[in-house]
There are 2 protein chains.
Amino acid sequence: MKNTAVPSDDLTVAERMRQRFDDLTRAERQLASTMLGNYPVTGLGSITTVAEAAEVSTPTVVRMAKKLGFAGFPQLQAALRAELEATISNPIVKHDHWAQDAPDTHILNRFAAAAMENMRLTLNQLEPDQFDAVTGLLADEKRKIYVVGGRITRALADYLFTHLQAIRNDVTLIASNSNTWPHYVLNMAKGDVLVAFDIRRYEHDILRLAEMARERGVKLVVFTDHWGSPAASGADHSFHARIEAPSAWDSSMVSLFIVEALIAAVQNETWKDSKERMHELERLFDQTKLFRKFI
Amino acid sequence: MKNTAVPSDDLTVAERMRQRFDDLTRAERQLASTMLGNYPVTGLGSITTVAEAAEVSTPTVVRMAKKLGFAGFPQLQAALRAELEATISNPIVKHDHWAQDAPDTHILNRFAAAAMENMRLTLNQLEPDQFDAVTGLLADEKRKIYVVGGRITRALADYLFTHLQAIRNDVTLIASNSNTWPHYVLNMAKGDVLVAFDIRRYEHDILRLAEMARERGVKLVVFTDHWGSPAASGADHSFHARIEAPSAWDSSMVSLFIVEALIAAVQNETWKDSKERMHELERLFDQTKLFRKFI
DNA sequence: CGCGTTCTGAAACAAACTCTTCAGAATCTG
DNA sequence: CAGATTCTGAAGAGTTTGTTTCAGAACGCG
């Protein structure tokens, strides 16, 4: 019952979609993404269902099927069923459906498992009140914000800084070079906020900076791992993200997650003001682009 | 999305068929046996196909569907698809309680849900081969590595750079200011690798840089979102991470995940050499610290 | 900014599917 | 074995699905 019009090469539908992804149009990509996202179940419904799931029209589905080398949608679907049969009847291929074709022991899957576990553990013990309190601090335009990171966490600090800077005024990224830090401390006023990233191996300089800031009445927010940087003990608020990974290095993924959630929360809180600010920013970027074009 | 006319008991179609096998007529048993024999694939075709496969008539199929408690064949089929989805889909999908005390509508939980979904979707369509190939490129000490990011993705580029730099020689972070980029291009040789981060809104400069690099025979690896930066179409390898978030900003979390997994993989691949290198690095850091202490 | 190209989905049509009806076959019962 | 009962699939009615067409939208390019 192997359908007729299926091309000779023995590629799966998924492979076809990925392989020709670049040739696909916007709507087709949307469709392919949807189908890949819940592969192969989505593709097994009627063409109408599939189209609705991907929020495209049925003609788009037909067109993509043809682009991928099938005579029509029914043929594509038949191919999906054939694949499914091949997969299911093979007992070895259990459910290693993380990265579909990779064995469970592939670093990608091991890393994914660790990452998910880190997320789960972190979220379980994250206190929403803390989170909201920090949101409040960062959203308060009366407070100046300082952001600092260490050797590795510099990237996180940078990320938070870049976004906060777009959202509000008075945000400063403290340069890596700790020689210059006294200058920053000098400018800090009571009620300002210092966000410090300090994940093991903890950096002594950051602890010192945090202490100096606190002496000046600065609110201290620390991002650290779940063992806790020494700087976290004196902090007003701290986030303890899990960082374990099957790697010689720690994972910053969960920390980044918290940072992004914070950015979203601050953006929400200040939307009234930041909306106009964002639009103006867009305009400025467009101008920069225009400007460059004519150089 | 559980279709309407499905009975309340949460039985699979297979269970229903077996449970009521004795109530079935000859033709119906024949049908049920066929469907169970290649479960659930056979049941996923059209009613005509199913009937033919079991060598019974279509009315028989309809009658059995109704006997099993479904409104009709399409409903039975929908149940099959739902089962399949439940079986195949990831363990990731169903963590019900994220941040324990926060209501579901709290930004933390909404963000967490989006993040997990992004992970799932991305992993589903990530190609391990692609990943391994990039690992190979980055682990190859004969190739120089250049890393570049855009306004937001700069942090990711920085993160990758910081780690790679610890792992191997000849890694360069291309500065943000695109005026200086020609200098870098000048130094690029055939076989070198350019890792470019370009997530919407895509930056024209990065596209230009990528093109220039490619003209010089440089291997191009692009990190982008699942819509795909224009730079990705000319790339030797590209990673398409999902970036949707309940935020005015896109999420870089999944991209960071891929970066970290890559770092781990490269570290593994080069462990023989990088091990000694890492230890030396540790020693150097310790010396720096000692040094500072006595100033 | 205007032009040509490509893309997209509404609409109409053709094909296939699903279900119902019903007559004959098979089976059971006394 | 006759008669009642149940089962079954051919045939066709009524839906839904799958495909094509086409006009407008979106896009890219000079």
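Model, not experiment: these values are computed from the prediction. What's counted below: heavy atoms across the whole structure, side chains too, no hydrogens, waters or symmetry copies. In what follows, chains carry the letters A, B, and so on, assigned in the order in which the sequence lines appear, proteins first and then strands, with residues in each chain numbered from 1.
- Distance CG (B:Leu31) to P (C:dT18): 13 Å, rounded to an integer number of Å.
- Residue pairs meeting the salt bridge (charged side-chain N to carboxylate O under 4.0 Å, His left out) criterion with at least one member in residues 176-190 of chain B, sequence neighbours excluded, do not occur.
- B:Thr224 is linked by a side chain to side chain donor-acceptor pair (under 3.5 Å) to nothing, counting only residues two or more places apart in sequence or in another chain.
- Residue A:Arg29 contributes atom CZ, which lies 14 Å from atom C1' of C:dT6 at whole-angstrom precision.
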Every protein N/O within reach of nucleotides 12-17 of chain C N/O, cut-off under 3.5 Å:
residue : atom : partner : partner atom : Å
C:dC17  : OP1  : B:Ser46 : OG           : 3.3

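- Side-chain nitrogen and oxygen atoms of A:Ser57 include none within less than 4.0 Å of the OP1 or OP2 phosphate oxygen of C:dT8.
- Residues satisfying the salt bridge (charged side-chain N to carboxylate O under 4.0 Å, His left out) criterion with A:Arg81, sequence neighbours excluded, are absent altogether.
- Closest to the B:Pro59 side chain, of the nucleotides C:dG9, D:dG9, D:dG18, is D:dG9.
- One can place CD of B:Gln77 at 7 Å from P of C:dT18, the figure rounded to the nearest angstrom.
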Pairs under 3.5 Å (N/O, protein and nucleotides 5-7 of chain D):
none

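- Protein atom CG of A:Leu44 is 15 Å distant from nucleotide atom P of D:dT17, rounded to whole Å.
- Every side chain to side chain donor-acceptor pair (under 3.5 Å) that B:His240 has, sequence neighbours left out, goes to B:Ser238.
- Counting only distance, with no hydrogens or angles, the side chain of B:Asp250 and the backbone of B:Ile199 share no donor-acceptor pair below 3.5 Å.
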For residues 50-66 of chain B, tabulate all N or O donor-acceptor pairs below 3.5 Å that involve a side-chain atom, not counting sequence neighbours.
residue : atom : partner : partner atom : Å
B:Ser57 : OG   : B:Thr60 : OG1          : 3.1

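- A rotation axis mapping the C1' atoms of four pairs onto the next four is fitted at both ends of the helix from C:dC1-D:dG30 to C:dG30-D:dC1 over five pairs, and the angle between these axes is 40° to 10 degrees.
- The ring pair (Phe, Tyr, Trp, His ring centres under 6.0 Å) check on B:Phe239 picks up B:Phe223, with sequence neighbours excluded.
- A salt bridge does not link B:Asp205 with B:Arg208: none of the charged nitrogens is closer than 4.0 Å to a carboxylate oxygen.
- Legend: residues meeting side chain to side chain donor-acceptor pair (under 3.5 Å) with B:Lys67, ordered by chain and number and at least two apart, are B:Glu28.
- Listed by chain and residue number, A:Glu260 satisfy the side chain to side chain donor-acceptor pair (under 3.5 Å) test with B:Ser251 (two or more places apart in sequence, or in another chain).
- Between B:His204 atom NE2 and D:dG28 atom P there is a gap of 11 Å when expressed in whole angstrom units.
- Protein atom CZ of A:Phe70 is 16 Å distant from nucleotide atom C1' of D:dG18, rounded to whole Å.
- Within the structure, the ring-ring contact (aromatic ring centres under 6.0 Å, His included) test picks out the following pairs touching residues 109-133 of chain B (sequence neighbours left out): A:His106-B:Phe131, A:Phe257-B:Phe111.
- Using a 4.0 Å cut-off, no side-chain N or O of B:Lys66 falls inside it from OP1 or OP2 of C:dT18.
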